[in-house]
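To keep things clear, I will list the structure first and then write my remarks on it.
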Amino acid sequence: MKNKKTYKYEAMLLGCAMLWGLQFSMLKFVGETFDATSLLVIKFFLSAAILAAFDFRKIKFQSRKMVFHSIMLGVLGAAQVYFQTIGLANTNPANSSFIITTNAIYVPIIMFLLFGKKPSQNMVIGLITITAGFLFISGIVSLFPFSISFQLGYGDLLSLICAILTALYLVYFNYLSTKYDEDSVNIIHLSGSAAVMFLVWIFLHSAGKTQMDFSNIPAVLGLIYCGVFSGGIASMLLARGTAHVEASKTAILCGLEPVFATLFAAMLTIFIPSLDGHLTISIIFGGALILYGAIKSTITADDK
């Protein structure tokens, strides 16, 4: 049987998925007031600041190699969230979140290619179920009326690119968190993300392509949530969880993010119609498949 500590770290990853799930609605809402680059600069700076406030004394610059790889992780993280944010502007939270969940398919492939680690039977079954759920969630397969469409919108395509980057990010994060001090990697990589986005922001701002309106209080509060909760706090949960849970299982637990994203979007659509979070039978069915796949894939031989 799994020990209590294992469940503790898996619970952290589940909490991370919930915080990320609400972020989809917040990013889409805030994106109506702030351009993607300005939004992400503030988000990453808030995330790095909240981590530094909690873990600044714990930070350890163990080696130049550790700092370099942590910064590279930050660059990858910035690119991942950038594609997510731009994709959200061109699709709805449910589509974006569930498409990004396909990173759970790419993580075992990357792990196998890089480390020769084969996924377990339950992991394979879980991934197949998640893939089936994705087909219904994305609208590629519809139940009522039954139809199949292979068209992928612009926002969905960007979300798919984000999914691939997310898989690389999770594997890279898992590797660095087990090799170096996880809190140090976390602070340095988020600081790197903030620095990268700030350089991009300077370039775009000089070209007059940035947009910020701090008079919109609800949008500012949503931005604070993205930076502090789905950024800093979620990142702390991810760092601690991923250091003790294998990368493929981390991807599955974090893969529950779209289930929460869909539920939050459905509830918030009552107050923010532009979120377009109305639930359909296909979305509910697809979400159920993804939930089953996530649970199935976390079962080990010892749990049977």
Side-chain angles (χ1 to χ4, degrees), residues 16-51 53 74 77-100 153-159 161-162 165-166 190-235 257-258 260-278:
C16 178
M18 292 181 67
L19 294 174
W20 280 351
L22 181 54
Q23 177 180 240
F24 279 85
S25 293
M26 292 297 100
L27 283 177
K28 188 170 180 66
F29 172 64
V30 175
E32 298 173 0
T33 304
F34 294 79
D35 71 280
T37 307
S38 299
L39 188 163
L40 294 181
V41 167
I42 299 172
K43 167 184 160 58
F44 282 125
F45 269 112
L46 285 175
S47 299
I50 196 70
L51 281 178
Q80 166 213 356
V81 182
Y82 184 80
F83 276 100
Q84 174 189 351
T85 306
I86 298 298
L88 264 170
N90 295 276
T91 188
N92 59 61
N95 273 35
S96 176
S97 59
F98 276 103
I99 289 173
I100 292 174
Y154 178 62
D156 293 344
L157 175 61
L158 294 180
S159 297
I161 295 174
C162 176
L165 293 176
T166 300
L190 279 177
S191 300
S193 294
V196 169
M197 291 310 305
F198 183 64
L199 292 175
V200 175
W201 182 85
I202 291 176
F203 174 77
L204 293 178
H205 185 69
S206 63
K209 295 182 179 180
T210 58
Q211 173 189 346
M212 292 184 287
D213 181 7
F214 289 98
S215 65
N216 188 333
I217 302 302
V220 172
L221 292 176
L223 182 54
I224 291 173
Y225 170 84
C226 291
V228 175
F229 291 94
S230 66
I233 294 177
S235 188
E257 170 189 352
F260 295 119
T262 302
L263 292 176
F264 285 131
M267 291 186 290
L268 292 174
T269 293
I270 299 173
F271 308 100
I272 312 173
S274 60
L275 290 179
D276 189 24
H278 300 291

(message) Quick check for you: to the nearest 0.5 Å, what is the distance between Phe44 atom CZ and Phe198 atom CZ?
(response) 15.0 Å
(message) Test of understanding: with side chain to side chain donor-acceptor pair (under 3.5 Å), list the residues that count as partners of Glu32, not counting sequence neighbours.
(response) Ser274
(request) Could you pull out the closest heavy-atom pair between Ile86 and Ala36, with the gap in Å? (result) CD1-CB, 3.5 Å
(message) If only side-chain N and O atoms count, and only distance matters, is there a donor-acceptor pair under 3.5 Å linking Thr33 with Asp213?
(response) no
(message) Taking side-chain contact (heavy atoms from CB on, under 4.5 Å) as the definition, give me every residue that meets it alongside Leu204, ordered by chain and number, with sequence neighbours left out.
(response) Thr37, Val200, Lys209, Thr210
(request) Taking all non-hydrogen atoms of both residues into account, name the closest pair between Phe214 and Val220 and its distance. (result) O-CG2, 3.6 Å
(request) Identify the two heavy atoms, one from Ser159 and one from Gly87, that lie closest to each other, and give their separation to 0.1 Å. (result) OG-CA, 4.3 Å
(message) Ignoring hydrogens, what is the shortest heavy-atom contact between Cys162 and Phe83? Give both atom names and the distance.
(response) CB-CB, 4.0 Å
(message) I need the Gln23 CD to Leu88 CG distance, nearest 0.5 Å.
(response) 8.5 Å
(message) If I take atom NZ from residue Lys43 and atom OG from residue Ser230, how far apart are they, to the nearest 0.5 angstrom?
(response) 4.0 Å
(request) Look at atom CZ of Phe260 and say whether more than 12 heavy atoms of other residues, nucleotides or ligands are closer to it than 6.0 Å. (result) yes
(request) List for me each residue that meets side chain to side chain donor-acceptor pair (under 3.5 Å) alongside Ser191, sequence neighbours excluded, and say none if there are none. (result) none
(message) Would the distance check show the side chain of Ser96 and the main-chain N or O of Pro93 forming a donor-acceptor pair, the cut-off being under 3.5 Å?
(response) no
(message) As a quick check of understanding, evaluate side chain to side chain contact (heavy atoms under 4.5 Å, CB included) for Thr91 and Leu158, giving each step before the final call.
(response) CA-CA 10 Å; Thr91 188; Leu158 294 180; over 6 Å; no
